[in-house]
Structures are given as C-alpha cells and as structure tokens.
Amino acid sequence: MDSLPTILGTATHCPYCALQCGMNVVQTEGGWDIASRDFPTNRGGLCRKGWTAAELLSSPDRLTTPLVRDRKGGPLRPATWDEALDRVAAGIRAIQAAAGPDAVAVFGGGGLTNEKAYALGKFARVALRTANIDYNGRFCMASAAAAGLRAFGMDRGMPFPIADIAAADCLLVSGGNPAETMPPIMQWFDEGRGHGAHLIVSDPRRTATARAATLHLPLTPGTDAALANGLLNVAITRKLIDPDYIAARTDNWDRVRRTVASYWPDRVERITGVPARDVERAAVLLGEAARAEGGRAIILSGRGTEQQSHGVDNALSFINLALALGLPGRAGSGWGCLTGQGNGQGGREHGQKADQLPGYRLLNNPQHRADVAAVWGVTPESLPQPGLSACELLAATGGADARIRGLLVFACNLLVSAPDAEALRARLDAAELLVVADPFLSETAAIADVVLPVAQWAEEDGTMTNLEGRILLRRKAKAPPPGVWTDLQVIAGLASRLGAGAHFTGNAESTGDEFRRCTSGGMADYAGASWDRLPAEAGVFWPCPDELHPGTPRLFLDRFAHPDGLARFHPVEHRGPAEQPCADYPLILTTGRVMGQYQSGTQTRRVPELAAAEPGAYAEMHPDTARQHGLLPGDRVTLSTRRGTARMAVRLTRDIRRDTVFVPFHWSGEGSANRLTIAALDPVSRIPEYKACAVRLDRAPKETA
Ligand code: SF4
C-alpha cells in the first residue's frame, strides 16, 4: 500500500481558550498532529492542551451515531438521524402544545463559532419561538461584560491588542491566572519584565502568575471591591490620579471619590487580609506608571474577581481605578478582561443570550427587533421578549409542573460546569425532554433522552472572536467521521421538522454571510469581516462595518460608547459573599482551573497525556489548615457545603491562604467541585458565585480512599 504522498497542513486555531492560538492541523501517517503557527496572540507558542488537541480527532470515545432512550431510566440505543430528529421535534411539539412555546429552552456554549451562536439564537426565536435561551458564558464572562457596558457603553473584553501588554510599565491582574490558563500569553508579560515592567497580582492563591509578579496581594475571597477601593484611596491621597482626564472623559467621579474615602489602607487590610503597606505599594507602582511621561499601565480582570454574587461591582471597582488613573482609551493603557472560553467574546454578541439579538442588539429595543426581523424575514412582533438567564433557566427546568419541560443543550456539559450540580441533576432527570448535541458522551449527554453526535473544531469552518475582539477564521482540516453532523446541520434539520426550514441553510459560509448582514449597524458590527478578509496571519478586529474598513484594534481613543462619549464611574461598596464561613462550615471554598484541563473536561479528560498529568480532583490547602483538620499528605478529604459533599485527594501548599481551600472544577462524580458551589447570583450579570462559599473538611473514611 502506498504511503501518504504528502504531509497536509491546515492553518487553523486551537479548540480551547480565548487566546485562540494559531496552529496547523497536520495529517500524518498515523492520524493527525499539531504544528505551531505564527499568529499575533501566540507567536508560535502553544500550551500542552493545544499541542495535544489533535488526539481528540481520533478519540475512541467519539460518538458517531445518534442515541435515543425509549423510556426514562432505560438505556441509550443507536438510532438513525431521522429517528432522532423526529423524536426531538415530536417532543418539542408535544411540550409546546401543552405548555406554550417558552416551555422548551435552549442552552448554548461559549465554544460555539459565531455562525453557530447566531443560528442557535435565531433557531430559538424563529423555529421554537421560545424566550428561553441562554448559554454557559453566563457562568464565565458575564460580570466583566456587564461592567464594560455600564462603564464604557460597550463590551469588548480587551479593547486593545494583546501586544500592548508587553509595552506596559505596570500591569495589575485581578483574580486571573493566565500563566496556567493560557500560558502562551505570558510571553507578553515576560517581554514587559524585560524592560522593567512591574506585575501586580491579586489572588487568594500564590499562583504561577503571582509567582512571576513584583507584588502579590493575597486577598480573602470575595473582598475584591474593598481592595480596588483601597488602591483608589491611596492613588487619590498620593495625587496619582489624572484630574484632566477625569474632567474631560468621565462622569460621576465625585460619588466614587466620596465612596472610596473610607477605604484607607488599614481598614482595607482588615477586610481583605492584604497588608496595608502592600495596598500602598501596589497603588504607587500602578499610579506612578500611569503618571510618568509616556507611561503605560493596564488592569486585567479575571474570573476570580468576576464569578461572585457581586461580580459586576467588583469589575466596576477596578474600572473606577483605571478611569481615575486615566487609562481607558489611552493608547497602550486600559482596562480589559481575560476572557476564558474559546469564543467567549463572539458567543456573547450574537444572540444566544437571554436578552440579546445579533450584533449586541437587545430584544427589548423596538428598533433592534425591527432591524433583525427584517433580515430574518419575520415580523418584529413574532420575536419573543427576553427570557430567563442561565441559572434561572436551569432552576425552572424539570417535570410536568415546571416552567421549562424540554431542554436542548449545545456545546455545554452542565452537570460538571453548573453550580449546585446535584440539584441540577435531579431537575434534568425530571425534564420531559433533554437533548444534548456533543462530539462525546459527556456527563450531561449520558442522562439525555436524545444525544446528537456533532463535529469538532477541526471538522468544520467557522469564525471565532478571541479575547482581544479579533475575528478569526477557523478552517476545517478534515471531514467529520461518517454519521456525524455539524451543529448547523442539526439546527437546520430540526427547524425543517418544526416548519421553519426555509430560514436555515445548515451551511457555515452562507450562515456567516447572513450573520454579518444581521450585525450591520449593531454595536458589534461584523458586516465587513467577510471570510476572504480574515487572513490566517491576523484576522480583523470588530467593529468592522464595511469591506473597506480596516477594523478597530483600539477602542475609545476619542470617545466612549455612551451617547455623550463619556465613561461612567460607579460607586461600589464592599459586600461579602452570599455565604460566610461559620462554626459548621468554617473555611472558604474557591474553585478554578488547572493548566492541563479545560472547563468541564469533556475534551481534555479524553486526551491521555492531559489525563495522566492531572488525573483527578484535589483539594489544595495550607499545611496548617490540613493539620487543624487532622489531614495528612496522601489523605483523602470529604468537603461538605450546605449543598452537597465531594471527596478527593489532599494537596498541600503554602501558596494559599489558611482560610481558603481551592478545588479545580474539571471533574465529575465524587470529585465534582460543583456539587459544593452555590447558585447565588449577581443581581445584574446573573453569574453564579463560584469563587466563595462556606465549606467544612473531614478526613474521608478509609474505605472511600
Ligand atoms: Fe493557546 Fe489556549 Fe489553546 Fe493553550 S488552550 S494552546 S493557550 S488557545
């Protein structure tokens, strides 16, 4: 037999995080491999998740036929696509006939391409006519997005190119750990350190990022706003703020100035646990960089600050600091968010959010409804009003008495990623119809009534928008396995069975053409970003309203997006987490990610090298904390909260506060962090409080070890 004649390579992007590193997918004699590729975000670098991503393409766990369950509790069995889609359509019709259109809901994902996120939102509003669609970005970037909208009038997580990080003289990362979550980004920080830049990191743990910092601020989980207010208090006292910028480019400064006046460093130390001298030093490092002639400073926000029941306020408090120092809208300086999911930015712009239409338009705006309805060929009146946000949607899901009786899930493993996971499992078990589209039998797919096997990232074309707001084209490197459909084909197949087939092509490029037209004139305007304008070497930043427009790498240089062109200060008071430690649950649980796994682990737990590197959950704690609870190295521990229990290995480190326990959230079963977390929601972003709840530790019985 002839060997393969050539090595083929397709210039595409990593399937995982929002850095969207450029890579080549290469066909080899034995299957598929990854080769590095120069791209502005990663400059050839990849983390171990990226290097091993090709393993997913030939994974033995791959689903290649639809699965259906003949009765609740019965086994899943293979079915044809016609049988599976007919079953889903019949279930939808029966539920909607009995309980109305809103009784069927859709749950999307921040990993979907822009075209899929767009089509899913349109499917919900045009084919299902349900108000209830939301997505897992609500678990992730929602607080930063809401804060950006409030402060700047526009939400683009990072309103400047990533290369600005390297040029900054001082960076403050609040609640982020990019050295583990997106390692190639650290080359930009390293370049900055090469010219003497300072890095300040606020985090309850001394993470890999904090270890690279000039100054680590180990705050108590849930005290971010107090810390930010304290930094601003010092900046005012030391005359490091920018009065001219405040006067010319902002509104509402006086209220913030009065609010932070009571956050003097000693008080901030009592609230946050960060020594007052370090609060002073951080403010001076940041403020002096901002004030120096030609100086540049950047504040970057991560999930530690945002995934709280006061996540929007927390993000706003750091934006207040950035505005007072005159950073946003100044070339080379600013405030930005380290978006997590691969298409976390684009996925929140084009209609899979509960309140939103494509182009960051809003369902409750009559003009926006009319604009989108005209492109869709429907009447504005036929579009539903805003629906329930993610956690509220899931809380309303269940059996015959529930508001939502049928749920269609795309690109999301809810049983691992949603808070209070055991309560959610009971609700999903009780749902009349649970449908999951996924390449793998995730924990959520395993309890579904119908499972639809769909293509992976390298098996279809589509655009993504990375953490900088850069639209890039992710090219198809190979065909999906026989029997596997794309999400767009699934959406079109279901729409046709529901009488709305004329509105959906199932084709990525034609969906993209329509999607861009639909964004025209919206805040997130992609109209000029046609696929042939997205070179593999760079992509294009939105807004890009027409084919001749060069794109917009830097926002707010002349004006902010509020009608008066001014940015808004928002006074923020410190409020603690919804659940405080007590005698029964004396410690603070915080959750997060590790370098070798990604989100719910549906993909990365199936990559042998990654599974070997980080095979299961663990509870990270200070040795003194372990000793106080009778725990020794090598022990297993039972973690208990008011919602459930989990068991896992003990891991000791001095790089964590004594009052805090960290558990990564990538695993299911007894190692599931989200059995423990609380679904307390931010009142604005509706993000759940993954970063702080009260927990108790007990040595696990020997027999469970
Ligand atoms: Fe790059 Fe993120 Fe992929 Fe790692 S996971 S290779 S940082 S895109």
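Fair warning: this is a prediction, and the values are worked out from it, not measured in the lab. What you see below is based on every heavy atom in this structure, not just the backbone, and it leaves out hydrogens, waters and symmetry mates. Order of appearance sets the numbers: ligands from 1, and atoms from 1 within every ligand.
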Novice: Which ligand 1 atoms does C14 reach within 4.0 Å, using its non-hydrogen atoms?
Specialist: 3 (Fe), 5 (S), 6 (S), 8 (S)
Novice: Considering only heavy atoms of P184, which atoms of ligand 1 have at least one such atom less than 4.0 Å away?
Specialist: 7 (S)
Novice: If we ignore hydrogens and angles and just use 3.5 Å, is the side chain of Q356 paired with the main-chain N or O of R348 as donor and acceptor?
Specialist: yes
Novice: Once rounded to the nearest 0.5 Å, what's the spacing between atom OG of S143 and atom CZ of R686?
Specialist: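 Nearest 0.5 Å value for the OG-CZ distance: 11.0 Å.
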Novice: Using a 4.0 Å cut-off to any heavy atom of K49, which atoms of ligand 1 qualify?
Specialist: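 Listed by number with element, the hits are 5 (S).
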Novice: Looking only at side chains, do R605 and Q597 share a donor and an acceptor under 3.5 Å apart?
Specialist: no
Novice: Which ligand 1 atoms does G50 reach within 4.0 Å, using its non-hydrogen atoms?
Specialist: 6 (S)
Novice: Checking a contact table here: which protein heavy atom is nearest atom 2 (Fe) of ligand 1, and how many Å away?
Specialist: C17 SG, 2.3 Å
Novice: Against heavy atoms of Y16, which atoms of ligand 1 measure under 4.0 Å?
Specialist: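 Near Y16, the atoms of ligand 1 are 5 (S).
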Novice: For R205, what residues pass the salt bridge (charged side-chain N to carboxylate O under 4.0 Å, His left out) criterion, not counting sequence neighbours?
Specialist: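 In terms of salt bridge (charged side-chain N to carboxylate O under 4.0 Å, His left out), with neighbours along the sequence ignored, R205 is linked to E620.
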Novice: Are any N, O or S atoms from C21 nearer to atom 3 (Fe) of ligand 1 than 2.8 Å?
Specialist: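 It does not: C21 brings no N, O or S atom closer than 2.8 Å to atom 3 (Fe) of ligand 1.
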Novice: Tell me the contacting part of H13 for ligand 1: side chain, backbone, both, or neither, using a 4.0 Å heavy-atom threshold, strictly below.
Specialist: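 Answer for H13: neither.
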Novice: Determine, using ring centers only, whether F107 and F410 are less than 6.0 Å apart.
Specialist: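 When the ring centroids of F410 and F107 are compared, they turn out to be at least 6.0 Å apart.
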Novice: Just by distance, with hydrogens left out, do T602 and N413 show a side-chain donor and acceptor under 3.5 Å apart?
Specialist: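 Indeed, the side chains of T602 and N413 share at least one donor-acceptor pair under 3.5 Å.
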Novice: Just so I know, are the side chains of D461 and E509 near enough to count as touching, which here means a heavy-atom distance under 4.5 Å?
Specialist: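 With C-beta onward as the side chain, the pair stays apart.
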Novice: Within 2.8 Å of atom 4 (Fe) of ligand 1, is there any N, O or S atom belonging to C47?
Specialist: yes
